[in-house]
Amino acid sequence: MKTEIETEEKLSKNSSQLTPSYVARCAQLAMLLEVSAHPKPGNIDRDHDYEGTTFEHFLTSSVSVYPMLEEAAAKEHGIGEYIHKAVIESAAWQMGGNTHFGAFLLLFPLSMAAGRLIRTHKELTPDNITKEAFSMVKETDIEDAVQMYMSFGPAGVKVRKVDEFDLSDAKATGEIKDKNTTLFQLMEISSSYDLIASEWISGFKRCSQCARILAREMSKNGELIHSGHSRINHVIVYAFLKILADNADTFIETKFDKHTAEEVSAQARRITYKLEDSGYNMENILPEICNFDEDLLARNINPGSTADIIIGGLFIALLGGMRF
């Protein structure tokens, strides 16, 4: 039985396989692979649950939103509407609270971008996908903003005050309409302190970076040395640490403070430096990663925004043909 992934030729060369269903399956698989990877410091995985939110809640949410992802991939507009539909559907199938809200904010514009590329017979490369997604998020309107705002309650999202728009206040939807604020403009306001909003404004650069790390390490030319575990698992863990090392997780900052977020990223940097110095021998560094994981879990610190970026990166890589 084959246990390693090799990056295949881009499926865009076989247009008969490129359908909205293909896009939705890649998005669904990205969510499933992310939550299954371990040890992924501080986050739920196949070996760790939180009180009230479990691995199974994430699996259920990943499966439940397939119809929304497939439908969105065939559309040109309505990002806010599909985010809201996905939140409602996820909450109808599991009772673990917020599992994938940040991921939905990335997956739906990326899915719609992939669908547009397929319809216009363009390759599903990281550059093409993120460029198209950036174009689509800039086209969002006031209704998209309202639909996204309406998702906070059902998703159980912990939110911060966004300048004049208090997202914990139901009256904010009226203010959004009165001031003609689009969803992209809301993301611009939030981008200085929210990693996912920053992805919208930057053209999904971290998702693209993550996809390139994954594709490189899954190819025959990848430097990561592994044994005893599946290659895809180690590659996802490495990508998670790499993204966390380079970006303070804003979910941690919102839940705790900036110092805690920076402390966690500093530890991720120390581990990635050791990994690189060891010749990318993951097995040698695994005990330190496990200790990092247990420390964050004990302190209830979870890099949730980083996990969302990993999902976006996995999605882009899978669209481009990464397989195992």
Side-chain angles (χ1 to χ4, degrees), residues 20 23-24 27 61 64-91 98-117 119 129-207 250 305 308-309 311-312 315:
V23 174
S61 176
S64 70
V65 298
Y66 174 89
M68 283 84 244
L69 289 161
E70 183 180 26
E71 188 176 339
K75 302 293 184 182
E76 290 284 326
H77 304 285
I79 290 173
E81 175 188 358
Y82 284 105
I83 291 169
H84 183 63
K85 284 182 176 181
V87 165
I88 296 299
E89 193 68 15
S90 173
N98 176 22
T99 53
H100 286 116
F101 183 71
F104 294 159
L105 289 173
L106 299 174
L107 287 176
F108 279 96
L110 291 169
S111 293
M112 293 173 78
R116 180 183 283 180
L117 290 171
R119 290 190 294 275
I129 294 166
T130 54
K131 182 180 179 180
E132 202 64 56
F134 187 43
S135 174
M136 296 186 94
V137 296
K138 288 190 289 186
E139 296 169 4
T140 57
D141 58 21
I142 301 164
E143 185 58 28
D144 288 309
V146 170
Q147 289 287 331
M148 197 269 293
Y149 169 77
M150 289 171 60
S151 303
F152 287 130
V157 178
K158 185 175 183 179
V159 296
R160 293 171 55 163
K161 182 177 172 62
V162 181
D163 288 357
E164 68 267 34
F165 301 111
D166 185 352
L167 300 180
S168 63
D169 185 351
K171 296 178 182 177
T173 53
E175 295 175 13
I176 288 168
K177 292 177 180 178
D178 290 342
K179 297 180 180 180
N180 294 322
T181 307
T182 68
L183 181 50
F184 186 76
Q185 288 169 331
L186 276 183
M187 293 295 187
E188 283 184 309
I189 294 169
S190 308
S191 61
S192 63
Y193 56 79
D194 185 273
L195 203 60
I196 306 307
S198 178
E199 278 298 276
W200 274 49
I201 304 309
S202 70
F204 302 89
K205 66 178 185 180
R206 296 173 189 85
C207 290
T250 52
S305 296
D308 296 330
I309 300 295
I311 290 173
F315 177 51

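Note that these values count all heavy atoms, side chains included, but never hydrogens, waters or copies made by symmetry. These numbers come from a predicted model, not from an experiment.
With a 4.5 Å cut-off on side-chain heavy atoms, D141 and F184 do not count as touching. Residues L105 and I79 form no side-chain contact, since every pair of their non-hydrogen atoms from C-beta on lies 4.5 Å or further apart.
In this structure, F101 has its ring center closer than 6.0 angstrom to the ring center of F152.
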Show, in sequence, the C-alpha distance, side-chain angles and deciding distance for M148 and T140, and conclude whether the side-chain contact (heavy atoms from CB on, under 4.5 Å) test is met.
CA-CA 11 Å; M148 197 269 293; T140 57; over 6 Å; no

Report the C-alpha separation of L106 and I311 in whole Å, then their side-chain angles, then the decisive distance to 0.1 Å, and conclude whether the side-chain contact (heavy atoms from CB on, under 4.5 Å) test is met.
CA-CA 8 Å; L106 299 174; I311 290 173; over 6 Å; no

Between R119 and E76, is the side-chain contact (heavy atoms from CB on, under 4.5 Å) condition met? List the steps.
CA-CA 11 Å; R119 290 190 294 275; E76 290 284 326; 2.7 Å; yes

Would you check, one step at a time, whether the test side-chain contact (heavy atoms from CB on, under 4.5 Å) holds for T182 with D144?
CA-CA 7 Å; T182 68; D144 288 309; over 6 Å; no

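For the pair S191 and I201, the tightest heavy-atom approach, listed with the atom from each and the gap, is CB-CG1, 3.7 Å. Across A27 and S111, no two heavy atoms sit closer than the pair CB-OG, 4.3 Å. Considering all non-hydrogen atoms of both residues, V146 and K177 come closest at CG2-CE, 3.9 Å. Nearest approach of A133 to A113, heavy atoms of both residues: N-CB, 3.4 Å. Residue A72 comes nearest to Y82 through the heavy atom pair CB-CG, 3.8 Å, listed as atom of the first residue, atom of the second, then distance.
Using a cutoff of 4.0 Å between basic side-chain nitrogens and carboxylate oxygens, E71 and K85 are scored as salt-bridged.
Atoms OH and OG, on Y193 and S198 in that order, are 12.5 Å from each other to the nearest 0.5 Å. Of the inter-residue distances, the one linking E139 atom CD with L183 atom CG reads 12.5 Å to the nearest 0.5 angstrom. Rounded to the nearest 0.5 Å, atoms CE (M68) and CZ (F104) are 9.5 Å apart. To the nearest 0.5 Å, atom OG1 of residue T173 and atom CD of residue Q147 are 11.0 Å apart. Here the straight-line distance linking atom CD1 of I309 with atom CD1 of I196 works out to 4.0 Å at 0.5 Å rounding. Summarising the geometry, atom CG belonging to L110 is positioned 10.5 Å from atom CE belonging to M136; distances are rounded to the nearest 0.5 Å.
Side chain of E199 to main chain of R206: a donor-acceptor pair is present (N/O by atom type, distance under 3.5 Å, no hydrogens or angles). A distance-only check finds a donor-acceptor pair linking the side chain of S64 to the backbone of S61 [under 3.5 Å]. No donor-acceptor pair closer than 3.5 Å links the side chain of T130 to the backbone N or O of F204. With hydrogens and angles disregarded, no donor-acceptor distance shorter than 3.5 Å links the side chain of W200 to the backbone of L186. Listed for the S90 side chain is no donor-acceptor partner under 3.5 Å among the backbone atoms of V87. Under the 3.5 Å distance criterion, the side-chain polar atoms of S135 are left unmatched by any main-chain donor or acceptor of K131.
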